[in-house]
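Please read all numbers here as calculations on a predicted model, not as lab measurements. In this chain, numbering begins with 1 at the start of the sequence shown.
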Amino acid sequence: RDALPTDMEIRMALQQLVGTEFASDASDVPSAFTMHGVEADDEIDEASDRRFDCYLALLKPLESVVPDRELHPEGDLLYHSLQVFELAKEAQPWDEEFLTAALLHDVGRGIDPRDAHQAGIAAIHSIVSERTLWFVQNLPLQHRASEGTIGMRARRRLEQHEDGELLRLLAACDSEGRVPGRRTGSLEDAIQWLRQVTDEW
């Protein structure tokens, strides 16, 4: 029994495997954009499908993660993530990278509760854009900025960033997405919306 890995170690290994497989399969996608015809489109669509499959794999475990009721009276973290996504969608329905950050911002808490932020960054860094990753990386810092617990230099860096205003919006969505009983779509609905935005934009 002592030689067996813990549930957390198994989950982290699976997340790393999913991320590695996606990165390997998606490595040829940029060159596909220079090609023409159905074959190139098929390669891009397949990489996109794998990306959304990774999102689902990371998000589904959040349904069983129930944080402190004082901070999250709404219930489990999947429900919270869907609330944040819906609020973000109302504000920026066309911004796939922003919406992806809203949906994935808490996935690390389903991997390693002791260091959820870094676990989340490690899990998504190979399956999201640099802009989406920046939103997720800096969300805790923005919350601290709102609370007045960071220095002026760090605050200024966030404010002067080209997406600083949207980061503040994401933090507001995160704080407001904690209402018991609020209506949201399903996880599949959220993924379908991201697919639609990807196709249209």
Side-chain angles (χ1 to χ4, degrees), residues 15 18-19 22 47-69 71-113 116-143 146 158 161 163-201:
Q15 303 296 5
V18 169
F22 175 83
S48 183
D49 286 343
R50 288 190 61 80
R51 172 165 57 96
F52 293 124
D53 288 344
C54 290
Y55 295 174
L56 285 168
L58 289 168
L59 286 159
K60 284 181 178 178
L62 296 184
E63 192 171 14
S64 61
V65 179
V66 181
D68 188 311
R69 287 292 187 180
L71 294 176
H72 284 274
E74 74 281 13
D76 65 76
L77 283 183
L78 178 58
Y79 182 40
H80 164 69
S81 298
L82 291 173
Q83 286 196 35
V84 177
F85 178 82
E86 291 292 338
L87 292 168
K89 188 173 74 171
E90 289 175 11
Q92 296 279 115
W94 61 88
D95 191 338
E96 181 201 348
E97 293 170 314
F98 177 74
L99 294 175
T100 301
L103 191 60
L104 299 181
H105 74 281
D106 262 344
V107 295
R109 299 181 71 173
I111 301 170
D112 184 359
H117 186 58
Q118 289 305 315
I121 296 300
I124 70 172
H125 79 278
S126 65
I127 57 172
V128 299
S129 69
E130 289 185 11
R131 182 167 174 256
T132 294
L133 191 64
W134 181 86
F135 281 125
V136 177
Q137 285 174 323
N138 287 282
L139 181 57
L141 192 60
Q142 180 59 53
H143 280 303
S146 300
L158 292 180
H161 192 277
D163 280 318
E165 185 176 345
L166 282 179
L167 182 63
R168 290 190 291 276
L169 174 60
L170 179 59
C173 292
D174 186 23
S175 297
E176 294 169 17
R178 307 181 185 206
V179 178
R182 172 180 275 156
R183 285 191 176 184
T184 70
S186 67
L187 175 55
E188 290 72 20
D189 291 336
I191 296 297
Q192 183 57 37
W193 183 272
L194 289 178
R195 287 181 185 273
Q196 181 180 333
V197 172
T198 301
D199 291 342
E200 291 182 357
W201 293 91

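Between Glu188 atom CD and Leu56 atom CG the span is 6.5 Å, to the nearest 0.5 Å. Residue Arg168 holds its CZ atom at 10.5 Å from CG of Asp163, rounded to the nearest 0.5 Å. One finds the CZ atom of Phe85 at 11.0 Å from the CD atom of Glu90 (value rounded to the nearest 0.5 Å). Once rounded to the nearest 0.5 Å, the distance linking CD of Glu86 with CG of Asp189 reads 8.0 Å. Taken to the nearest 0.5 Å, the OG1 atom of Thr100 stands 13.0 Å off from the NE2 atom of His105. The line from CG of Leu167 to CD of Gln142 is 4.5 Å long, rounded to the nearest 0.5 Å.
In terms of heavy-atom proximity, His80 sits nearest to Asp106 at CD2-OD2, 3.3 Å. Closest non-hydrogen pair, Tyr55 versus Ile127, comes out as OH-O, 3.3 Å. Residues Leu194 and Phe52 come closest through the heavy atom pair CB-CE2, 3.7 Å. Residues Trp134 and His161 approach most closely at CZ2-CG, 3.3 Å, considering heavy atoms. Nearest approach of Leu170 to Ala101, heavy atoms of both residues: CD2-CB, 4.2 Å. His143 and Asp174 make their closest contact through NE2-OD2, 2.7 Å (heavy atoms, listed as atom of the first residue, atom of the second, distance).
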Check the pair Phe135 / Leu104 against side-chain contact (heavy atoms from CB on, under 4.5 Å), numbers first and verdict last.
CA-CA 10 Å; Phe135 281 125; Leu104 299 181; over 6 Å; no
Leu62 vs Asp76, test: side-chain contact (heavy atoms from CB on, under 4.5 Å). Steps then yes/no.
CA-CA 7 Å; Leu62 296 184; Asp76 65 76; 5.8 Å; no
What's the verdict on side-chain contact (heavy atoms from CB on, under 4.5 Å) for Asp95 and Leu166, showing C-alpha distance, side-chain angles and the deciding distance?
CA-CA 10 Å; Asp95 191 338; Leu166 282 179; 3.8 Å; yes
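The closest side-chain donor-acceptor pair between Thr198 and Glu96 falls under 3.5 angstrom.
Summarising the local packing, CD of Gln92 is surrounded by more than 12 heavy atoms from other residues, nucleotides or ligands at distances under 6.0 Å. Annotation: His125, atom NE2; neighbour count of heavy atoms from other residues, nucleotides and ligands within 6.0 Å does not exceed 12.
When the options Leu87, Leu77, Leu103 are evaluated for a side-chain contact (heavy atoms from CB on, under 4.5 Å) with Leu82, the one that passes is Leu103.
Listed for the Ser175 side chain is no donor-acceptor partner under 3.5 Å among the backbone atoms of Ala172. Between the side chain of Glu74 and the backbone N or O of Tyr79 there is no donor-acceptor pair closer than 3.5 Å.
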